[in-house]
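Heavy atoms only: backbone and side chains are in, while hydrogens, waters and symmetry mates are out.
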Amino acid sequence: MSDQPSSQQPVAPPKADTSDAKANETSTIVSENKTPVVICIGMAGSGKTTFMQRLNSTLHQKSTPPYVINLDPAVLKVPFGANIDIRDSVKYKKVMEEYNLGPNGAIVTSLNLFSTKIDQVINLVDKRTSNPDSKIGNIIIDTPGQIECFVWSASGAIITEAFASTFPTVIAYVVDTPRNTNPTTFMSNMLYACSILYKTKLPMIVVFNKTDVQSADFAKEWMTDFEAFQQALINDRDENGDGSGYMMSLINSMSLMLEEFYCQLDVVGVSSYTGSGFDDFLKAVDNKVEEYNTYYKAERERILKKKEDDEKKRQAKNLNKLMKDMDIGNTDADADVVSDNDDDDTQGEVLRDDDEIGRVYNFPEDRMSELKDDAALQQRYQDAFEATAKTASSTTAENIAKYISQTQQ
C-alpha cells in the first residue's frame with residue numbers, strides 16, 4: 001500500500017501544502033541519528049531492480065524493514081512493495097501521448113513533474129522515519145534504468161539534493177559483473193561511476209551484481225593492482241587482435257588516473273539471485289554513513305553557508321545601489337539649487353520680458369485673422385518675395401523636362 005495518494009489527473013503530481021514553512025523543512029541540518037538513504041543507480045540490465053528486491057527482503061529478515069521509494073515511471077511491475085511510487089502520481093503513457101514525447105523524454109518529464117512536490121515527499125518520509133515506534137532502518141530508492149535520465153537531469157539533481165540535505169545519503173552504483181570481464185568495458189563503467197561521484201558529491205559504493213554467474217574477484221584485483229589490469233589488457237589485445245596503439249595508451253592513462261578514485265570507494269560483490277554478499281553491503285552502507293557525517297556533511301554545510309553569505313552580500317549590494325540611485329541618505333546641507341543662487345525676491349520665478357506681447361493664440365484662425373488686419377506686415381512679405389523670387393527661363397524648363405524624360409526611359 002503506497003503512502004502517496006493516487007491522483008486522478010494523468011500527469012498531475014500529488015497535492016501538497018507549499019507554504020514556506022514546509023518548504024524550509026527540506027533544508028534542515030542532517031542529524032547523525034537520521035535514517036540513511038540508499039539511492040540505487042545502474043545501467044539498464046545491471047539487475048538494479050532485482051537488487052532492490054533482494055535488499056528489501058534482507059532488511060525485512062533482519063526486522064528492520066526499509067522505506068521503499070520507486071522513481072521509475074516506465075516500469076510495469078516491481079517485485080517489491082513501494083511506500084511511495086511515482087506511478088501513483090504520474091501516468092507515463094499519458095505523458096507520452098499528451099506531450100508527444102519518446103520513452104526517454106517521457107521519463108524525464110515524469111521526473112520533472114514529480115520533483116515539483118519533492119518537499120511533500122521529504123516531509124512524509126521524515127515523519128515516518130522519525131517516529132519513535134518506527135523500526136525503519138533504511139530508505140532505499142529505485143531509479144530509472146535509463147541512467148542518464150536521472151543522473152544528468154535537473155529533476156534528478158533536485159531529488160538527490162533534497163534527500164542529501166535531510167538524510168545521510170549513499171549512492172549504490174550497480175554493475176553487471178559478467179558484462180565487465182572485458183578491460184575496456186570495465187574501464188568505461190568505472191569512468192561512469194567516477195562522473196556520478198563528482199556529479200552528486202555523495203559517498204558511493206560500487207556493487208558488482210550477478211556474482212553467481214561471474215565472480216567479482218577479477219574486478220577487485222584490477223582496482224587494486226595496476227599491473228594486473230595491464231596484463232589483462234595485453235591478454236585481451238592478443239586474443240581479440242583489435243586493440244590499437246591509441247586505445248591501449250588511452251586506457252592505460254585512464255587506469256592510472258582512476259587509482260586515486262578507487263581509494264574513495266567501497267567495493268562489494270553481491271548476488272541478487274542467491275542473496276550472498278548483502279551483509280557486506282549493509283556494512284559498507286554503515287561505513288559510508290559515518291563518512292558522510294564526518295566529511296560530506298561538513299562540506300555541504302560549508303557550501304550552504306557560503307551560498308547564504310553570498311546571497312546576503314548580493315542583497316546588500318543591490319540595496320546600496322538603489323539608495324545611491326535615489327540619493328537616499330544624502331545629508332549635504334551645502335548643496336546648491338537654482339533658487340539658492342537668486343539674489344532678488346522673485347523666489348525663482350522667471351519674469352516676462354518687457355517687450356513681449358501678451359497674446360494667447362488658442363486656434364490657428366485667430367493668428368491668421370490678426371495677420372490679415374496688419375496691412376503693413378503683409379506688404380513687407382510681398383516686397384520680400386518679389387525681391388528674392390526668380391522666374392525660370394524657357395531654356396531651363398526645357399532642360400528639366402528633357403532630363404526627366406531620359407531618366408524614365
Side-chain angles (χ1 to χ4, degrees), residues 32-43 45-69 79-80 135-143 147 163-164 167-181 186 189-190 192-194 196-197 200 202-225 228-229 258-296:
E32 292 188 5
N33 58 359
K34 287 281 188 177
T35 305
V37 176
V38 179
I39 302 178
C40 297
I41 298 176
M43 294 186 179
S46 62
K48 177 169 44 59
T49 302
T50 309
F51 170 81
M52 282 278 300
Q53 185 273 335
R54 177 60 69 174
L55 179 60
N56 181 35
S57 177
T58 301
L59 292 173
H60 274 282
Q61 290 177 0
K62 295 180 178 295
S63 299
T64 56
Y67 197 89
V68 185
I69 301 175
F80 49 82
K135 296 182 180 180
I136 296 175
N138 292 275
I139 303 167
I140 56 178
I141 303 175
D142 190 18
T143 58
I147 188 172
F163 278 101
F167 305 95
T169 307
V170 178
I171 302 295
Y173 182 67
V174 183
V175 180
D176 188 351
T177 307
R179 296 290 183 183
N180 283 268
T181 55
F186 172 81
N189 248 301
M190 292 300 101
Y192 217 118
C194 180
I196 293 174
L197 175 66
T200 60
L202 293 171
M204 175 180 286
I205 303 173
V206 177
V207 182
F208 286 96
N209 197 12
K210 305 180 184 180
T211 54
D212 57 296
V213 179
Q214 174 66 53
S215 174
D217 293 339
F218 75 94
K220 296 179 181 178
E221 183 182 11
W222 288 354
M223 297 176 70
T224 55
D225 190 347
F229 180 77
L258 290 178
E259 275 192 318
E260 184 68 22
F261 166 69
Y262 295 148
C263 298
Q264 309 298 324
L265 300 177
D266 282 5
V267 182
V268 295
V270 302
S271 172
S272 299
Y273 181 73
T274 64
S276 64
F278 276 84
D279 290 338
D280 295 335
F281 173 75
L282 293 176
K283 292 179 181 178
V285 170
D286 293 338
N287 293 335
K288 288 301 179 182
V289 169
E290 294 180 2
E291 182 180 326
Y292 178 95
N293 291 326
T294 304
Y295 301 104
Y296 287 84

Undergrad: Relative to each other, are the rings of F229 and F186 parallel, tilted or perpendicular (30° and 60° limits)?
TA: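 The arrangement is tilted - the two ring planes meet at 30° to 60°.
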Undergrad: What do the steps show when you test I141 against F163 for side chain to side chain contact (heavy atoms under 4.5 Å, CB included), and what is the final call?
TA: CA-CA 10 Å; I141 303 175; F163 278 101; 3.8 Å; yes
Undergrad: Considering all heavy atoms of both residues, which atom of T181 and which atom of P178 are nearest to each other, and what is their separation?
TA: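 Of all heavy-atom pairs spanning T181 and P178, the closest is OG1-O, 3.5 Å.
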Undergrad: Identify, with sequence neighbours excluded, every residue that meets ring pair (Phe, Tyr, Trp, His ring centres under 6.0 Å) alongside F80.
TA: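 Expected list: none.
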Undergrad: Would you please test T200 and T169 for side chain to side chain contact (heavy atoms under 4.5 Å, CB included) and show each step?
TA: CA-CA 10 Å; T200 60; T169 307; over 6 Å; no
Undergrad: To the nearest 0.5 Å, what is the distance between CG on L282 and CG on L59?
TA: 5.5 Å
Undergrad: Mind checking side chain to side chain contact (heavy atoms under 4.5 Å, CB included) for T224 and listing every partner two or more places apart, or none if nothing turns up?
TA: none
Undergrad: Where do M204 and K288 come nearest, in terms of heavy atoms and distance?
TA: O-CE, 3.3 Å
Undergrad: Applying side chain to side chain contact (heavy atoms under 4.5 Å, CB included), name anything that partners K220, two or more places apart in sequence or on another chain.
TA: V267
Undergrad: Determine whether a donor-acceptor pair (N or O, by modelled atom type, separation under 3.5 Å) exists between the side chain of T58 and the backbone of R54.
TA: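 The answer is yes, because a donor-acceptor pair under 3.5 Å joins these two groups.
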Undergrad: Indicate yes or no: at least one non-hydrogen side-chain atom of Y273 is less than 4.5 angstrom from one of T50.
TA: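 No - every pair of side-chain heavy atoms lies 4.5 Å or more apart.
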Undergrad: Which atom pair, heavy atoms only, marks the closest approach of K34 to P168?
TA: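 Heavy-atom minimum between the residues: CB-CD, 3.5 Å.
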Undergrad: Picking from S271, S272, S46, what satisfies side-chain hydrogen bond (donor to acceptor under 3.5 Å, both in side chains) with N209?
TA: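 Going through S271, S272, S46 one by one, the side-chain hydrogen bond (donor to acceptor under 3.5 Å, both in side chains) with N209 is satisfied by S272 alone.
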Undergrad: Say you draw a straight line from CZ of F208 to CG of N180; how long is it, rounded to the nearest 0.5 Å?
TA: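 Nearest 0.5 Å value for the CZ-CG distance: 6.5 Å.
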Undergrad: Find the distance between CD1 (I205) and CD1 (I171) and round it off to the nearest 0.5 Å.
TA: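 So the CD1 of I205 and the CD1 of I171 are separated by 10.0 Å.
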Undergrad: Is there a side chain to side chain contact (heavy atoms under 4.5 Å, CB included) between N56 and H60 once you walk through the steps?
TA: CA-CA 6 Å; N56 181 35; H60 274 282; 3.1 Å; yes
Undergrad: Do you know which two heavy atoms are closest between Y262 and M190, and how far apart they sit?
TA: OH-CG, 3.5 Å
Undergrad: List for me each residue that meets side chain to side chain contact (heavy atoms under 4.5 Å, CB included) alongside E290, sequence neighbours excluded, and say none if there are none.
TA: none
Undergrad: Look up atom CD1 in I147 and atom CD1 in I196, then write down how far apart they are to the nearest 0.5 Å.
TA: 3.5 Å
Undergrad: State which residues pass ring pair (Phe, Tyr, Trp, His ring centres under 6.0 Å) with F218; sequence neighbours excluded, sorted by chain then number.
TA: W222
Undergrad: Identify the two heavy atoms, one from P65 and one from K135, that lie closest to each other, and give their separation to 0.1 Å.
TA: CD-O, 3.7 Å
Undergrad: In Å, rounded to the nearest 0.5 Å, how long is the span from CZ of R179 to CG of N189?
TA: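 Here the interatomic distance stands at 12.0 Å.
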Undergrad: What do you reckon, are the aromatic ring centroids of Y67 and F167 less than 6.0 Å apart?
TA: no
Undergrad: Return the set of residues passing salt bridge (Lys or Arg N to Asp or Glu O under 4.0 Å) with D279 (not counting sequence neighbours), or none when no residue passes.
TA: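 With sequence neighbours excluded, D279 shows a salt bridge (Lys or Arg N to Asp or Glu O under 4.0 Å) to K62, given in chain and number order.
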Undergrad: Using the side chain to side chain contact (heavy atoms under 4.5 Å, CB included) definition, which of the options V38, V37, V285, I69 pairs with I140?
TA: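 The side chain to side chain contact (heavy atoms under 4.5 Å, CB included) with I140 is passed solely by V38 among V38, V37, V285, I69.
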Undergrad: Show the nearest heavy-atom pair for residues A216 and T211, with the distance to one decimal.
TA: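 It is CB-CG2, 4.1 Å.
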Undergrad: For the residue pair M52 and V68, establish whether any side-chain heavy-atom pair is separated by less than 4.5 Å.
TA: yes
Undergrad: Going from OH on Y192 to CG on L197, what distance comes out if it is rounded to the nearest 0.5 angstrom?
TA: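 It is 14.0 Å, given to the nearest 0.5 Å.
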Undergrad: Exactly one of K210, K48, M43 should register a side chain to side chain contact (heavy atoms under 4.5 Å, CB included) with D176. Which one does?
TA: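 Between D176 and the candidates, side chain to side chain contact (heavy atoms under 4.5 Å, CB included) is satisfied uniquely by K210.
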Undergrad: Show your reasoning for whether side chain to side chain contact (heavy atoms under 4.5 Å, CB included) applies to V213 and T177.
TA: CA-CA 8 Å; V213 179; T177 307; over 6 Å; no
